[in-house]
Amino acid sequence: MRRQVNHLEFDEGRLRWVHAALFAAYGHQHWWPAESPFEVMIGAVLTQNTAWSNVERALARLSASSALEPAAILALDPAELAEALRPAGYFNLKARRLSAFCVEYLAAGGLEGWGALDTETLRRALLKVNGIGPETADDMLLYAFERPVFVVDAYTRRIFARLGAIAGDEAYEQIRAGFEQTLGPDVPLFKEYHALIVQHAKQACRARPICPDCPLREACPAALAPSLHAKM
DNA sequence: TTCCTGAAAA
DNA sequence: TTTTCAGGAA
């Protein structure tokens, strides 16, 4: 049954088909790669506008300074913190954001304090922290707090725009609501789906797409008529 | 607009 | 070798 929910043109069947096709092609992704919920959260901040491989180096440098927990991060000299974050890019900005986040995290009572809130309240609390926007908040909600929130990133927009499910420039909340309402709340599915989207966007559905071996080829207008979609 | 790195393309 | 590109939040 076709439902049009907030600009998402795909029905449940097509969304599940895409997931199944990606899973068949790439398998389990084991996301989010982190040792603890707190590490998920700092990774979410560091990965803003940044490739994950660069985030890993920054995390390794934090680890080398024994600074993978909030108190230890705040204890670092700001210049030292920024230096550790250098490989992740925007290091001065991210040093400030990470500190601001740690302050709020501790003030809120850490994982237990935030974990006691219902999803909407927690989301609003996260969004109030300077440096946490919708995508970063949703990374945290899904992978650190196990809440049924669908993460929308640049890769999600690109892939589903090419497939014809969205225009691509909709508001974040529109797309998120579309996926969540069409698929229904399902934490394991949302975790795996987003991880597969990232994998697929890096592997095949890049800015310059590699369509010939794409697992979604048969369902993709962009793969069938590349010239019409050259700039997508 | 600004913030910044590292991989890929030219 | 130099230039372009990819990637969120304020």
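The structure presented is a predicted model; accordingly, all values stated were derived computationally and were not measured. Every chain is numbered from 1 and lettered A, B, ... according to where its sequence line falls, protein lines coming before strand lines.
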Indicate yes or no for a side-chain donor-acceptor contact from A:T50 to the backbone of A:Q48 under 3.5 Å, with no hydrogens or angles considered. yes
Any side-chain N or O of A:S53 less than 4.0 Å from the OP1 or OP2 oxygen of B:dG6? no
Whole angstrom is fine here: how far is it from CE in A:M140 over to C1' in C:dA9? 13 Å
Can you name the atoms? Protein N/O to nucleotides 1-5 of chain C N/O, anything below 3.5 Å, with the distance.
none

Hey, are A:K191 and A:E146 close enough for a salt bridge, meaning a charged N less than 4.0 Å from a carboxylate O? yes
Answer with base, sugar-phosphate or nothing: what part of the nucleic acid does A:A154 contact at a heavy-atom distance below 4.0 Å? sugar-phosphate
Go through B:dC4, B:dT5, C:dA9 for me and flag the one nearest to the A:R86 side chain. B:dT5
When rounded to whole Å, the CG to P distance for the pair A:N49 and C:dG8 reads 6 Å
Look at the side-chain N and O atoms of A:N92 and state whether any lies under 4.0 Å from the OP1 or OP2 oxygen of B:dC4. yes
Can you sort out the partners of A:F150 under ring-ring contact (aromatic ring centres under 6.0 Å, His included), two or more places apart, ordered by chain and number? A:F179, A:F190, A:Y193
Centroid-centroid distance, A:F101 to A:W114, less than 6.0 Å: yes
To the nearest Å, give me how far apart CD1 (A:I210) and P (B:dA8) are. 11 Å
Between B:dG6, C:dA10, C:dG8, which nucleotide gets closest to the side-chain atoms of A:N130? C:dA10
Electrostatic pair A:R61:A:E83 at N-O distance under 4.0 angstrom: yes
Length of the CG-P vector between A:D138 and C:dG8, whole Å: 13 Å
Atom CZ of A:R97 and atom C1' of C:dG8 are separated, to the nearest Å, by 7 Å
By nearest nucleotide on DNA chain C, pick out whichever of A:G89 and A:V129 is the more 5' one. A:G89
Could you check whether the rings of A:H28 and A:F23 sit parallel, tilted or perpendicular, using 30° and 60° as the cut-offs? perpendicular
Write down the distance between CZ (A:R158) and C1' (C:dG8), rounded to a whole number of angstrom. 15 Å
Looking for any heavy atom pair under 4.0 Å, which part of the strands does A:F91 touch: base, sugar-phosphate only, or nothing? sugar-phosphate
For atom CG of A:N54 and atom C1' of C:dG8, their distance in whole Å: 15 Å
Is any NZ, NE, NH1 or NH2 atom of the basic residue among A:D138 and A:R123 found under 4.0 Å from an Asp or Glu carboxylate oxygen of the other? yes
Atom-to-atom span, CG of A:L126 to P of C:dG8 - whole angstrom: 17 Å
Is it true that A:W52 and A:W32 have ring centroids separated by less than 6.0 Å? yes
With a 4.0 Å limit, can you tell me whether A:R57 has a side-chain N or O closer than that to the phosphate oxygens OP1/OP2 of B:dA7? yes
Closest to the A:P134 side chain: C:dA9, B:dG6, C:dG8? C:dA9
Tell me whether A:Y90 is stacked on the nucleobase of B:dC3, counting only the six-membered base ring and applying the 5.5 Å and 30° thresholds. no
